[in-house]
Protein chains: 2
Amino acid sequence: MTRVLLDEERAAELAEIFRLLGDANRLRIAVACLDQPLCVSDIAQQVGLSASLVSHHLRLLRAARFVRAHKEGKQVFYVSADEQARCVIKDMVSHVGAHRDATDDEG
Amino acid sequence: MTRVLLDEERAAELAEIFRLLGDANRLRIAVACLDQPLCVSDIAQQVGLSASLVSHHLRLLRAARFVRAHKEGKQVFYVSADEQARCVIKDMVSHVGAHRDATDDEG
DNA sequence: TGAACATTTGAAGACATATTTGATTATAGT
DNA sequence: ACTATAATCAAATATGTCTTCAAATGTTCA
């Protein structure tokens, strides 16, 4: 049997991650950046939110190292920070039984 | 390549789960109930919170079917609802790299 | 320099949530 | 019936968060 231990400090860390993904808009933004870098306005259009609001959420996601950003001219592209960030989301999505799509050529 | 798709409705569902675990106290309560049923006062003592507050959080966890309850005399015991609920937490904990303990004989 | 675009920032408002406190219900034992 | 314990509930406070809006920053191009 495997017991999960969780002291106060670790609980706070873990809860912080959960809390961050606990907003539907922010979660959709995080998911949008899973597979390829997207600029703010593209994300905004994809999730149907204002660029300002998306930027606000991206700042939080970046602060928690869920996404990283790089600049190209006027635009700033955001993408999942690393494989662990992707795993956390993908595993959870599959846990809850969301749809997956094996296609590669449609976006 | 596997793309994760997330429509608005599904994002809201998933975010709801994340949000629920996004509070450190509530997360610790959920973790405490992972392996064995515990009554409210035991949980309260274990996490260092008032019984009232623990009860409050347990109500939310139960509403989301993260835990289930059964009564024994004056006490109400809470335990993780099912294997999926346990997986969601344990996977996340391991993702973040929390301690695990393989012992069986200490409580 | 000036205009147009992309993004960020700060402040304000609306809204939701966590926590405390005291009262209330339910159960067991005397 | 009375007491003690366990848990829940309701109201109130405090705290935090999401969102919007307007202004500001930085970039490209003419």
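Each chain gets a letter, A, B and so on, in the order the sequences are listed, and its residues count up from 1. All heavy atoms count here, side chains included; hydrogens, waters and symmetry mates do not.
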(request) Take A:I17 and A:F66 through the test side-chain contact (heavy atoms from CB on, under 4.5 Å) and record every step on the way to the result. (result) CA-CA 9 Å; A:I17 297 175; A:F66 250 101; 3.6 Å; yes
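- Nucleic acid contact for B:F77: none, since no nucleic acid atom lies under 4.0 Å from a heavy atom of the residue.
- Between the A:R28 side chain and the A:V47 main chain, a donor and an acceptor come within less than 3.5 Å of each other.
- Contact annotation: the side chain of B:L53 approaches that of B:H57 to within less than 4.5 Å [non-hydrogen atoms, C-beta and beyond].
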Each nucleotide N or O in nucleotides 26-30 of chain C that has a protein N or O under 3.5 Å away: list the pair and distance.
unit_1, atom_1, unit_2, atom_2, d
C:dA26, O3', B:K71, NZ, 3.4

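- In this view, B:R68 satisfies the side-chain hydrogen bond (donor to acceptor under 3.5 Å, both in side chains) rule with no residue, not counting sequence neighbours.
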Sequence neighbours left out, cut at 3.5 Å: what donor-acceptor pairs do the side chains of residues 18-25 of chain B make with other protein atoms?
unit_1, atom_1, unit_2, atom_2, d
B:R19, NH2, B:E16, OE1, 3.2
B:R19, NH2, B:E16, OE2, 3.0
B:D23, OD2, B:N25, N, 3.2
B:D23, OD2, B:R26, N, 3.0

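- Within residues 49-70 of chain B, the residues that have a heavy atom under 4.0 Å from DNA chain D are, in order of number, B:A51, B:S52, B:S55, B:R59.
- Using a 4.0 Å cut-off between charged side-chain N and carboxylate O, B:R86 and B:D91 make no salt bridge.
- Atom CZ of A:R19 and atom C1' of C:dA16 are 13 Å apart (whole Å).
- In this entry the distance linking CD of B:E16 with C1' of C:dT17 reads 12 Å, nearest Å.
- Reading DNA chain D from its 5' end, the first and the last nucleotide to sit under 4.0 Å from a heavy atom of chain A are D:dT17 to D:dT28.
- Counting only distance, with no hydrogens or angles, the side chain of B:S80 and the backbone of B:C33 share a donor-acceptor pair below 3.5 Å.
- Atom CD1 of B:I89 sits about 5.0 Å away from atom CG of B:L34, to the nearest 0.5 Å.
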(request) Please test B:V79 against B:Q36 for side-chain contact (heavy atoms from CB on, under 4.5 Å), starting from the C-alpha separation and ending with a verdict. (result) CA-CA 6 Å; B:V79 68; B:Q36 74 285 123; 5.9 Å; no
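- B:E72 meets the salt bridge (Lys or Arg N to Asp or Glu O under 4.0 Å) test with no other residue; sequence neighbours excluded.
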